[in-house]
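The structure under discussion appears below in the form of structure tokens.
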Amino acid sequence: MSRLKVFVSSTCYDLSLIRNELYSFISRLGHEPVLSEYNDILYDPNFHTTDSCLKELKNCDLVICIVGKRFGCEYPISATENIMWPEVKELIDTGKSPANLSISHMETLHAITLKKPIYAFVDKHVLNDHKVYERNKNNKEIIGKINFPSIEDPSTACHIFDFIDFLLHRTINNSLIPFEKPEDIENFIKAQWSSLFQRLLSEKREQRMQQSTVDDISNQLSDLKSLIVSSITQEDLKETAKGVLKYKNLILILTFLITKSSQSSTIDLVTYTKSLSDLLHEIDIKSITYSERNSNIFRPRLVFIKADDSFFESRIQIPKIKEQWENFKELEEGKKRAIVDATLESNSLPILPLIRYHREKFMEYKDKLLIHSEGDTDEN
């Protein structure tokens, strides 16, 4: 069973007591703390030790950042040019982060680029001195003469305060909590994580209720369709109605894809006798897959990948699409014509909102989805 992995980022020497307390605290909660002094990090011999800490962040779920009175060791960027993180470098180059970064500062920046939740804490006395720094930092004559009692090395004060500025002025996840003792951090974390767990349970309940509503509506629609078909007395019209109900989604999707291709004037679904794979290849679709979003509400969506790797994502569901096409193809031409005409004439809702075209390449997009591939079109 997986456990929550919590990365603790801070200077070690001055905050060793707090780090030890947090290690025990996180372990008691049943989570997995990740601290460098407890041998929780794999030190890859191919990289600088500081970069091993950064690489470990990818495996963690959230980060606790603690700012104290020490700046710590400056991050050795020159030693890690081969794996300088592009997103972090952009933050530095664009002035969106402090220019002088310690190892713990770089850990926090990398956590930001990984979109990890960050709980940031700052020593109460350091935060008080930061307020003094903010009021005077633009006055060059005064700022150099101010002694900040909370900072161990006066030459690093501006670097620590600039990092605090950076954390406070982020557009999201910018809370900065003052503390005096380890219990302050522990009490805040317990309250926050308890609230997050409560929200998770509440959202799960809401999702189940919404799914239940969707299922009820689907069942009611199925009953309504059956009632409509049974009320039709003419046999040929009844067969057409049954065909529309059975093949409507298939016809709508294929018609849409054909109209978006260069072959829109040459392909007729009624007279086309080749396989679904051949049809899709003719309209520049090289494969089909299913995408499942990370939610209990949304059902898997059909994805049609084009030759240039851009793709269409469909909300319309077609179970066993290849089998449906084969069954449709075997119908008499007159029946197929009646079904296609009735489907296209009765479809009053625009199909465009149900099928979305993505210009970006599918491989660049798929990390947003949980992909359940069904291979290429020959296997669907």
Side-chain angles (χ1 to χ4, degrees), residues 1-12 15-47 49-68 83 85 87-88 103-122 167 170 172-177 179 181-208 292-298 366-372:
M1 181 171 60
S2 299
R3 294 194 298 163
L4 184 76
K5 295 189 70 172
V6 183
F7 190 98
V8 179
S9 175
S10 74
T11 52
C12 293
L15 297 172
S16 59
L17 174 62
I18 289 179
R19 290 174 66 87
N20 291 337
E21 290 286 341
L22 281 177
Y23 187 90
S24 300
F25 168 71
I26 294 169
S27 299
R28 288 197 304 271
L29 291 179
H31 310 312
E32 183 178 345
V34 178
L35 291 85
S36 57
E37 64 267 37
Y38 284 88
N39 298 320
D40 298 321
I41 295 171
L42 171 65
Y43 290 105
D44 190 331
N46 296 312
F47 299 107
T49 54
T50 55
D51 283 311
S52 294
C53 294
L54 296 184
K55 292 171 76 70
E56 188 65 33
L57 275 166
K58 186 176 181 180
N59 303 320
C60 296
D61 300 295
L62 54 85
V63 175
I64 294 176
C65 166
I66 308 173
V67 180
I83 60 166
W85 315 100
E87 298 88 350
V88 175
I103 293 173
S104 57
H105 294 172
M106 182 62 79
E107 289 171 348
T108 302
L109 286 182
H110 189 46
I112 290 172
T113 66
L114 294 173
K115 295 179 172 55
K116 304 288 184 180
I118 298 173
Y119 294 87
F121 301 88
V122 60
L167 294 176
R170 292 186 62 205
I172 60 172
N173 196 191
N174 63 325
S175 62
L176 191 60
I177 310 303
F179 73 92
K181 51 188 182 298
E183 290 80 4
D184 296 336
I185 298 177
E186 294 176 7
N187 290 336
F188 181 85
I189 288 176
K190 281 191 291 188
Q192 287 292 311
W193 291 358
S194 176
S195 295
L196 282 175
F197 185 56
Q198 187 277 334
R199 179 185 294 178
L200 173 64
L201 294 177
S202 176
E203 289 177 349
K204 289 292 184 183
R205 286 194 299 270
E206 182 67 22
Q207 287 174 358
R208 285 195 295 270
E292 183 175 337
R293 295 176 180 273
N294 189 19
S295 169
N296 291 334
I297 299 177
F298 299 107
K366 73 174 185 177
D367 60 337
K368 304 174 186 176
L369 308 168
L370 298 176
I371 302 301
H372 298 275

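Residues take their numbers from the sequence shown, with the count starting at 1. Below, each value reflects all heavy atoms present in this structure, side chains not excepted, and no hydrogens, waters or symmetry copies. Being a predicted model, the structure only gives us computed values, none of them experimental.
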Problem - Sidechain N-carboxylate O distance under 4.0 Å for Lys116, Glu107 - result: no
Exercise for the section: Start with the C-alpha distance between Ile112 and Arg170, add both sets of side-chain angles, then the distance that settles side-chain contact (heavy atoms from CB on, under 4.5 Å), and finish with yes or no. Expected result: CA-CA 10 Å; Ile112 290 172; Arg170 292 186 62 205; 3.6 Å; yes
Would you say the side chain of [Y] lies within less than 4.5 Å of the side chain of [X], judging by non-hydrogen atoms?
X      : Y      : answer
Ile185 : Phe25  : no
Leu62  : Tyr119 : yes
Leu29  : Leu4   : no
Ile189 : Val6   : no
Ser27  : Pro33  : yes
Leu15  : Phe121 : no
Val122 : Leu167 : no

Practice task
Determine whether more than 12 heavy atoms belonging to other residues, nucleotides or ligands lie under 6.0 Å from atom CG of Leu200.
Solution key: yes
Problem - Under 3.5 Å: donor-acceptor pair, side chain of Asp40, backbone of Leu35 - result: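 Present.
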Problem - salt bridge (Lys or Arg N to Asp or Glu O under 4.0 Å) partners of residues 17-31, not counting sequence neighbours, each pair once - result: Arg19-Glu37
Exercise for the section: Mind telling me whether Tyr38 and Tyr23 have parallel, tilted or perpendicular rings, with 30° and 60° as the class edges? Expected result: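 It falls in the parallel class, under 30°.
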Practice task
Mind checking ring pair (Phe, Tyr, Trp, His ring centres under 6.0 Å) for Phe7 and listing every partner two or more places apart, or none if nothing turns up?
Solution key: none
Problem - Pair Phe188 and Phe179, ring centroids less than 6.0 Å apart - result: no
Problem - For Val34, the option from Cys60, Cys53, Ser9 that meets side chain to side chain contact (heavy atoms under 4.5 Å, CB included) - result: Cys60
Problem - Spacing of Lys181 atom NZ and Asn187 atom CG [to the nearest 0.5 Å] - result: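 So the NZ of Lys181 and the CG of Asn187 are separated by 8.0 Å.
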